[in-house]
Participant: 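Next up is a structure, given as structure tokens.
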Amino acid sequence: MQKKDTSRRYFLLNGLLAGAGLAAGCSGKTAFTPDRAEEAVPSGEKVKLLSIDGEVIEVDKAFLKPVPDIPYPFSNREERVGIQGKKFVMVIDLSRCKNLKKCQSACNHMHHLHPGQNWLKIYAMQDAEHTAPYWQPATCMHCDEPPCVKVCPVDATFKRQDGIVLIDSDRCVGCRFCMAACPYSTRVFNWEEPALTEEVASREYSCETSVPQKKGTVGKCDFCPDMVRKGELPHCVTACPNGVFFFGDMNEDVVTNGAETFRFSDLIRDKAGYRLMEDLGTKPSVYYLPPVNRNFKFEEGLKTEEPKPTYKTVDRGNSEYLRCKKNHPRPFAEKIW
Amino acid sequence: MIWTGILILFCLIGLFAYYRQLRYGLVVTHMGDYASWGIYISNFVFFVAISLVGSLVTAIFRLGNIHWSTPLTRIAEIIAVSAILFASFIIVVDMGRPERLVNLFIYGRIQSPIMWDVIVISTYLVISLLLLYLPLLPDLKILNDQKEKGRGWWSRIYVLFGGFWKSNARQERINQKAVLILSILIIPVAFCIHTVTSWLFATTYRPGWDSTNFGAYFVSGAFLVGAGAVVIAMYVFRKVYHLERYITETHFDKMGKVLVLLALIYLYFNVNEYLVPAFKMKKTEEVHLVTLFAGDFAPMFWFSLLAGLIIPAVIMLFKQGRKPLPMFILGIMVVVGAWFKRYLIVTPTLLHPFLPMEDSPERFKHYFPSWEEWAIAIGSLAGVLLIITFFVRIFPIIPIQETIAEQDATPEK
Ligand code: SF4
Ligand code: SF4
């Protein structure tokens, strides 16, 4: 599939306009003539559209042609390189999370994930017996030293210049070595034909949209580079009503959750940000702000929690964890479960 | 005939299960996002382990000037070839997209341990095939010379494979030299195949796999199970083909001593592998070790350790224990124990990830193989036995030429 370089630059420079153009195209959808537009007779009814150059143009309704799938305008090669000059980071503020899982449902919905699959998981964590529990959303960490990339035999999982780790489902052989290698258990496998609508299944696959998922290959959080190309934020960031997720560019030193924008280095310094399992040397691109001065009680998150979590705990910031032993009753665990 | 029939039946059931897997995807297995590798991989490790014995008996013994093992070389080599062949099949079975196997050659990246495995396993297969074939040439000559006595269409196979062999001095010299070179070459390659296979695990961070002991631990275990398999084969061939003159009680006695030695070495690495982390009980290791020692996997763990290692070693210390029949039974125990040991190496670790198992379907939190997985695993075991069975039907399982030289006796046929 040939994809044009011009459109690439266009997307980069005029991300927002492109969104508008697409939106205009969609709104005309109901008025589309069902079949070949060439044979259509002018109806005399005109619609106004926003052209690619940003001009408002008028077209006869009868000449509108449906575009079922706009091919993703980047080649595999460009997708493997990444967006130049960027280094994407995410900051997850644990003090704001109450396990609403809106991020998860938005992610699942937008990536058309197979039922049961979650790229974004929200863990009920407790570091040690007497420490406070908290909710910890976890995406792919987009490690700078990604163990998954090291072990992939065919370069189906790769690290880009802009820090994003992606999967090429057209190349993956399904050996699942990367799943064993990833210490964050973030990868999921398409054990069967993913349940997709016909329209989604027929879309042209792109590593950046990660849609459609393919049977016998792995999938994981992709940091939504397709949204970023459009100048928008990843789905989890926009979906969270509590502003837990901040996304941004380390080179520009800025992160935003859509409503608030911070200098990344200030935020990490002031709130003592940290990364998960630092001791493994994976160098994640996802930072966490500790669950202090919380907006919500941990217990509030239990309302959305079903089925109840198997209680298992993790040391914040390093890999060690404790599993609640059945014969070791905990005052806290007893109170809730 | 019944034996072959049963083996073929198992293979067909395995093929049918594989057909189902190709059609519906790996969902027919009970693997999940946590236990993302299952008995296919443990079976793979098992096959690689067994195949190592070819190098032990043919190469290490040969170079060590140990002559009593000569009648056993071909048994060891055919076990090695068929096991390594099925090791490569089973790894393809485990792939989500087997039709993309060619990607390994188009896009292969050398920093992945999988690529190392592909390279060393194919090398080992080639060397093993040669080590099976080259010593066979003089025997084919003997068989060709008396083909009139009628072994039907098989004589054509002998001509096809060995027709060019004249047994003249030059050919013999080349052959002996080649075998010698290959015997030396195969030792590092053999260590590589199993060390690299252990690195598939040891290069990850997971508790139970994250061990610097893994290469030696795997290799020593592999020699043990391989020797156990040779003992079983010795007993069966001796009984079925009445080879009492060639595979004598002395052979069992000596193999018994070898097994004791190998078991002790393996025990040593087991102590290192389990007791050193158990002394520290790091939190990550603790969960893993506790399930092995006293949790869900404890029965299997102690079975594989006691029945597959300690008890056989103790019994074989006694002369009575090294008689053919007890050796046969102990050999089976060693091999069965070793199979479960491989299962224990792969599965429990995957079920103990660093982060909790949450937000994932309930069925992913446990692992027990589905019937398709069992069928494929058993089918592949049957396939190995089938290759060996066919081989011994067609070719002499005792190296005639070499044994003559060794025993100074007349060949059986
Ligand atoms: S979190 Fe896992 S999948 Fe993501 S980059 Fe790191 S190792 Fe790879
Ligand atoms: S499953 Fe796919 S992405 Fe993962 S290591 Fe294998 S080929 Fe690479």
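Small disclaimer: the values here were computed from a predicted structure and weren't measured.
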Participant: Taking A:Asp170's backbone N and O only, do any of them form a donor-acceptor pair with B:Arg97's side chain (distance below 3.5 Å, no angle check)?
Facilitator: no

Participant: Under 4.5 Å from any heavy atom of chain A, what part of B:Phe105 do you find: side chain, backbone, both or neither?
Facilitator: neither

Participant: Is it the backbone or the side chain of B:Thr203 that comes under 4.5 Å from a heavy atom of chain A, or both, or neither?
Facilitator: side chain

Participant: Rounded to the nearest 0.5 Å, what separation is found between the NZ atom of A:Lys150 and the OG atom of B:Ser112?
Facilitator: 12.0 Å

Participant: Do the non-hydrogen side-chain atoms of A:Ser185 and B:Tyr34 ever get within less than 4.5 Å of each other?
Facilitator: yes

Participant: Shortest non-hydrogen contact from A:Trp191 to B:Gly32?
Facilitator: CZ2-O, 3.1 Å

Participant: Using heavy-atom distances under 4.5 Å, tell me whether B:Arg206 contacts chain A through its side chain, its backbone, both, or neither.
Facilitator: side chain

Participant: Measuring heavy-atom distances to chain A, does B:Trp116 have an atom under 4.5 Å in its side chain, in its backbone, in both, or in neither?
Facilitator: neither

Participant: What are the two closest heavy atoms between A:Ala124 and B:Pro356, and how far apart are they?
Facilitator: O-CG, 4.5 Å

Participant: Under a 3.5 Å distance rule, please check whether A:Asp155 uses its side chain to pair with a backbone N or O of B:Tyr107 as donor and acceptor.
Facilitator: no

Participant: Is chain A contacted by the side chain of B:Ile41, its backbone, both, or neither, given a heavy-atom distance below 4.5 Å?
Facilitator: neither

Participant: With a 4.5 Å cut-off on side-chain heavy atoms, are A:Val154 and B:Leu104 touching?
Facilitator: yes

Participant: Calculate, to the nearest 0.5 Å, the distance between atoms CZ and CG belonging to B:Phe354 and A:Leu280 respectively.
Facilitator: 5.5 Å

Participant: Does any backbone or side-chain atom of A:Val218 lie under 4.5 Å from a heavy atom of chain B? Answer side chain, backbone, both or neither.
Facilitator: neither

Participant: Do any N or O atoms from the side chain of B:Asn103 and from the backbone of A:Arg171 form a donor-acceptor pair under 3.5 angstrom?
Facilitator: yes

Participant: The criterion is salt bridge (charged side-chain N to carboxylate O under 4.0 Å, His left out); which residues satisfy it with A:Lys102, sequence neighbours excluded?
Facilitator: none

Participant: Based on non-hydrogen pairs under 4.5 Å, which of B:Met115, B:Glu285, B:Arg109 is most in contact with chain A?
Facilitator: B:Arg109

Participant: How long is the straight-line distance from CE of B:Met357 back to NZ of A:Lys121, given to the nearest 0.5 Å?
Facilitator: 11.0 Å

Participant: Among B:Ile91, B:Thr204, B:Thr349, B:Thr29, who wins on heavy-atom pairs under 4.5 Å with chain A?
Facilitator: B:Thr204

Participant: Strictly less than 4.5 Å between heavy atoms, which residues of residues 19-28 of chain B line up against chain A? Please order them by number.
Facilitator: B:Leu22, B:Arg23, B:Tyr24, B:Gly25, B:Leu26, B:Val27

Participant: Taking only residues two or more places apart in sequence, or in another chain, which ones meet B:Glu273 in a side-chain hydrogen bond (donor to acceptor under 3.5 Å, both in side chains)?
Facilitator: B:Ser211, B:Asn213

Participant: CZ/B:Arg100 to SG/A:Cys172 distance, rounded to the nearest 0.5 angstrom?
Facilitator: 7.0 Å

Participant: Anything in residues 173-183 of chain A with a heavy-atom distance to chain B below 4.5 Å? Please list those residues in order.
Facilitator: A:Val173, A:Gly174, A:Cys175, A:Arg176, A:Phe177, A:Met179, A:Ala180, A:Ala181, A:Cys182, A:Pro183

Participant: Heavy atoms only: give me the nearest A:Lys101-B:Asp359 pair and the separation to one decimal.
Facilitator: NZ-OD1, 2.8 Å

Participant: With a 4.5 angstrom heavy-atom cut-off, is it the side chain or the backbone of B:Phe201 that approaches chain A, or both, or neither?
Facilitator: neither

Participant: Looking at A:Thr186, A:Leu120, A:Val188, which makes the most heavy-atom pairs under 4.5 Å with chain B?
Facilitator: A:Val188

